[in-house]
Amino acid sequence: MEEIIEILQDLHPDVDFETCDTLIDDKIIDSFDIVTIISEINENFDVVIPAEEIIPENFNSAKALSELVKRLSDE
Amino acid sequence: MKAKFVRKLVVMTACAVMSLTLFTACGDDADSNQGGSSSNGGQSGEKTPAATQGAETPSDGGYTFTYKGTTISMKEDMETVKAALGEPASYFESESCAFQGMDKVFTYGSVVITTYPDGDKDYVYSIELKDDTVETPEKICIGSAKSAVSDAYGAPSSETDTAYVYTKGSCNLTFIFADDAVTGITYVAKTE
Amino acid sequence: MRKKRIISAAVVAVLTVACLYVLQRLVVPKYQRGIVEGSMVEEYYRDESPHEVVFIGDCEVYENFSTIEMWRNYGITSYIRGSAQQLVWQSYYLLEDTLRYETPKVVVFNVLALKYNEPQNEAYNRMSIDGMKWSEAKIDNIKASMTKEESFIDYVFPLLRYHSRWSELTEDDFKHIFSKDLVTHNGYYMRVDTKPQGEFPSPLPLADYTLGEKAMGYLQKMADLCKENGIELVLIKAPTEYPHWYDEWDVQVKAFAEKNGLNYINYIPLQEEIGLDMSKDTYDAGLHLNTQGAEKMADYFGRWLKDNYDLTDYREDEKIAGIWKEKIDFYDEMKEQQFYELNKYGELKSFGANAIEK
Amino acid sequence: MLFTSIEFIAFLALVFLLYYVLPKKCQWPLLLIFSYAFYWIADPRYIIFILVTTVSAYLITLKLAAINTASSEYISAHKELAKEEKKAYKAAMKAKKWRWLLLCLFINIGILAVTKYTNFVIGNINSFLDGESKIKAVDMIIPMGISFYTFQTVGYVIDVYRGKQEVQRNPFKLALFVSFFPQLVQGPISRYGEMSKTLFSEHRFSGKVFSFGMMRILWGYFKKVVIADRLITAVTVLVGDTKLYTGSYVFVAMLFYAFELYCDFTGGIDITIGIGEAMGIRLPENFNLPYFSKNIKEYWNRWHITMGTWFTDYIFYPISVCGPMLKISKWSRKHLGEFIGKRVPVYLSSFAVWFTTGIWHGAAWNFIVWGLMNFVVIMISQELEPLYARFHEKFKVRGRVPYEVFQVIRTVLLMSAIRMFDCYRNVPLTFKMVGTMFTEFNPQIIFDGSLLKLGLGAADYIVLAAGFIIVLGVSLVKLKLVSVREALYERPAILYFGAMALLLVATLLFGAYGVGYDSSQFIYNQF
């Protein structure tokens, strides 16, 4: 979780990722950010997020994102 | 901070170089590109405004006639012809019914050019060669043999007992014969 | 609430249709001055009196025969259903249309239009067809006449065709939304000015002199229709020499007339006999006759009609004569005005090209 | 059949009539029949192409769905499997699915590529050959709207492949999704998941729904016929003579074309969406006031939206997260440093997207360059983002109206300039012409009557000015309100219907249609 927030913070230092859960819906992060996030996660967690998992529900909050990473690394 | 800026510069330069190479790469074969797009555009190509370069020759590959070094093609703006050939030796005009424009006939030596009006301008409708002092670019004149015509032009697009008609582009080129010799040569614009 | 909404919708719909109707009448060209040729076809419906002779054809009928002169000299009641560049099928359908109202004794058709075998020009089509009342003849006429760019719906709703005139509306367009003035004399287009005939360019040799199949087909239909209705069809070639009427065409029309037992007269060689002097009797350098010429022509042709067909001299019929009295007055009045302008300005001001509203 | 042809309007009237008169269960089959009729009228041969796409998508999605079900059944039946085994099984299944998907892509993208790009490729090869050996261009038929329905169908297949979308087992319903006639001409590119919610359901006639649809259709016609078709005359003249019309003329052409394209494209989409609405079918919005964007990235989120999201979902993401890309990313992080490494995936995928976007718009280099120009501008502004942020902070301009207006105008001008590739259709020429805007100083042409020589008269300019004001006004209202129509509907009914009547009369009277105007096709037809 912390690591993910760190990644996010790096992209948008001014956003409170602990609480925000409308990252996609409110267009806080865009497609470029998503790609950067995915490659960072791949780098740091060795988890590949496939294209079909790129849906708003998975990227709307840091929490959802970390759950996604967890689920994918469990599989 | 400074290092970051330098790297940024590198990225941007790379971008610029990349795009520049692309532009120049395709600049070389711009002609073929145009062909590619127009042949593809078939169904709606006419709509999008495409630049037509060299718009001054509307010739669509049809037969043309050359008089005193000036090439005249069908549906050409008569103004450009007049600019090249000067005032005609004789001129005739007739108002068509209900003012739908003026049919005009220009005579230059042994060549008679008629026009049709469209909007404010007059366009070449027909060219007639009156005698053997003028010949087509393919060296046929009044008095040439029928066989010379088919030698020069090949098989006619259509023929009657007394005439060969060759159709190319928007031009019908007609040779009229009497006793196997050409007695009339006319270029007439094809009206759709 | 719902009911109110439906009523509103209905009211708006009715108003919209009414508005579109008025707009349509407004933008349709009125052909009242300058280019009056577009009024010719519809004026026919306004003439209450019967006609024993009906002309059909292009400018070579409506500018070359004075109907009034034929009445004055012979009591012939005639009407010219002419229009600019009227094509053979248009003449045929105008004849069909005429037969819905009356059956003349003689129909006169000018053959120059036989040279056209295809629809030619949208503007002429509109002038020949728009004035017709709706009937099967009109529908068939439209179908036969449309150029490739035209569509049928434009004839049904002329607004679709003329809407772009909104920016060039003239005083006449507003004045004549619902009523129009007469511009012809039983179809005759009057011009009293003179422009002598000059030299015509020599005709272009043609590859093929055969008159077109469609044109000749409609001529045949015309002949058949006349036969069916007991009408004498007369084919004429007006005495004017330009556009050129080729001998090869003349031969074909002669053959057609012979085959169908019709009279065909080519008046070009008869200029002298008619008394035409083309240095005086034409207003546009020999293409069409002026009124002086058209009266000579009417006199000559009227006499021939009288001699060859069983026509009534209606001058003795009081009711008809009364109607024609008005026509004569209108004719003389216009003639006077034209001469007045001619003398004053050296050219016509409120007729012809000078009168076209800009 | 053009949207602006009388035939289409008659066709539409018949569809609407039957749609609401026949029993409701006939509604979607009716649409299918009419969609195929629409295609048949355009060219019967087109039907073969759309059938191949439909049948291949149908069969392959069934297969994909079968594999999906089988594998989830297998996994729930074999709970005892070790994690590694499960993973292996899943991978095997995925590979199997991948092969089917590839087949589908091969068939459908293949048709698209062959019909649209053969001559482009030939042209390019020819530029390396000399006269004698040049290859002849092929006379190819390009089925109407092939890019749109192919993309739409492929999107559906990929969704099924990803397990995100239930498969449609009724081939006729799928056929309707592929061929739904209003969007064949120029999109929007619908998603099956969204569209299927309303496409196949039964719809009762509702005066409100129907009149909303009609109003949107009328609005579309107004923009298209009164504004776009009138402006195109001047644009064609302006780009037609590149010797005469330089300098400020290019600027005028640029603005005219921007307005023309906007009215043409949004007008067409309004007609399409309106047709759907009138029948209770929801189609995706394709525009969200694009000319109010503050930067190019935002512009592309608001212009041709369905195309943008399609490219993002099915090209941008897949490319940026695919194995090789992640490897490249890792490699470049190691060798080129964090800064560049981080950017590599974004840059490469964006490049791919814009290259494809360019070529999708037309098989010619000018379109490719146009696409890549967008790429370059977006990337530059992306990189300058921190700079902007500092600027905004320092001068406290963010959120201020004059500054936002400046941003909007800047974006519109930039986009319009890039779009000139589309006008001149020749890359070096476009650079030259746009260059003359800066090298040649002739702004007097705007006032000295030169603009009246472009095929448009004073009356036309008055109509255009009025049209511009109306379009701008409606847009400004839209900025504040969710729905202009809803607001009108709340007013007295006479006003609501009166607005419709006005649109109709204005379109009929002032429309640039019929004799004297070239009946023009929607610019986006060819894509």
Side-chain angles (χ1 to χ4, degrees), chain A residues 2-17 20 22-62 64-75, chain D residues 75 83-84 86-87 90-91 94 97 158-165 193 295 297-298 300-302 308-309 311-323 325-334 338 341-350 353 378-379 381-383 385-386 389 393:
Chain A
E2 277 76 51
E3 260 179 291
I4 283 172
I5 288 183
E6 212 169 284
I7 294 171
L8 293 170
Q9 213 80 62
D10 213 35
L11 290 165
H12 295 277
D14 48 339
V15 179
D16 179 13
F17 288 98
C20 184
T22 52
L23 293 176
I24 302 287
D25 298 345
D26 288 347
K27 299 190 173 114
I28 294 167
I29 59 174
D30 62 12
S31 57
F32 286 4
D33 298 326
I34 289 177
V35 169
T36 313
I37 293 166
I38 290 173
S39 83
E40 293 281 337
I41 287 176
N42 178 248
E43 181 83 15
N44 299 341
F45 298 87
D46 199 29
V47 164
V48 176
I49 298 178
E52 62 257 38
E53 298 288 358
I54 308 177
I55 47 175
E57 297 88 87
N58 287 337
F59 283 80
N60 253 335
S61 66
L65 196 52
S66 72
E67 266 160 26
L68 172 70
V69 172
K70 190 162 173 296
R71 178 158 59 83
L72 288 172
S73 53
D74 282 352
E75 268 179 18
Chain D
I75 286 177
K83 197 174 151 188
E84 291 306 310
K86 242 195 237 171
K87 219 173 177 174
K90 269 189 180 169
K94 196 162 182 185
K97 284 203 295 183
I158 295 177
D159 284 351
V160 172
Y161 162 82
R162 289 174 176 176
K164 278 163 85 173
Q165 179 59 53
N295 56 57
K297 215 157 133 198
E298 188 187 343
W300 278 110
N301 285 329
R302 304 172 77 153
T309 53
F311 275 111
T312 310
D313 286 352
Y314 301 113
I315 292 187
F316 182 74
Y317 287 141
I319 290 183
S320 49
V321 301
C322 68
M325 182 63 81
L326 292 175
K327 272 194 200 115
I328 292 173
S329 165
K330 268 189 181 158
W331 181 89
S332 42
R333 268 164 203 258
K334 215 178 264 160
E338 189 79 353
K342 237 166 146 175
R343 279 165 173 74
V344 163
V346 170
Y347 272 71
L348 286 178
S349 328
S350 295
V353 164
I378 288 176
M379 286 312 166
S381 58
Q382 178 80 5
E383 294 304 336
E385 194 60 45
E393 216 169 307

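Naming: A, B, ... by sequence-line order, numbering from 1 per chain.
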**Q.** Salt-bridge contact D:K334-A:E43 (side-chain N to carboxylate O under 4.0 Å)
**A.** no

Q) If you measure from OG on A:S39 to CD1 on D:I328, what distance do you get to the nearest 0.5 Å? A) 12.0 Å

(Q) With rounding to the nearest 0.5 angstrom, report the CZ to CZ distance, D:R343 to A:F32. (A) 11.0 Å

Q. Between atom CG of D:L326 and atom CD1 of A:I41, what is the distance when rounded to the nearest 0.5 Å?
A. 11.0 Å

Q: Heavy atoms only: give me the nearest A:V35-D:S320 pair and the separation to one decimal.
A: CG2-OG, 3.1 Å

Q: With sequence neighbours left out, write down each residue that passes side chain to side chain contact (heavy atoms under 4.5 Å, CB included) with D:N301, or none if nothing qualifies.
A: none

**Q.** Closest heavy-atom pair and its distance - D:T312, A:S31
**A.** CG2-CB, 3.9 Å

Q | Salt-bridge criterion met for D:K94 and A:E52 (N-O under 4.0 Å) | A | yes

Q | Check: D:V321 and A:I49 side chains under 4.5 Å, non-hydrogen atoms | A | no

Q. Tell me, do A:E53 and D:Y317 make a side-chain contact under 4.5 Å, heavy atoms counted?
A. no

Q. Hey, which of D:Q382, D:K297, D:R162, D:K330 has the most heavy atom pairs under 4.5 Å with chain A?
A. D:R162

(Q) If the contact rule is any heavy atom under 4.5 Å from chain D, which residues of residues 7-15 of chain A qualify, in numerical order? (A) A:D10

Q. CG/A:N42 to NZ/D:K327 distance, rounded to the nearest 0.5 angstrom?
A. 10.0 Å

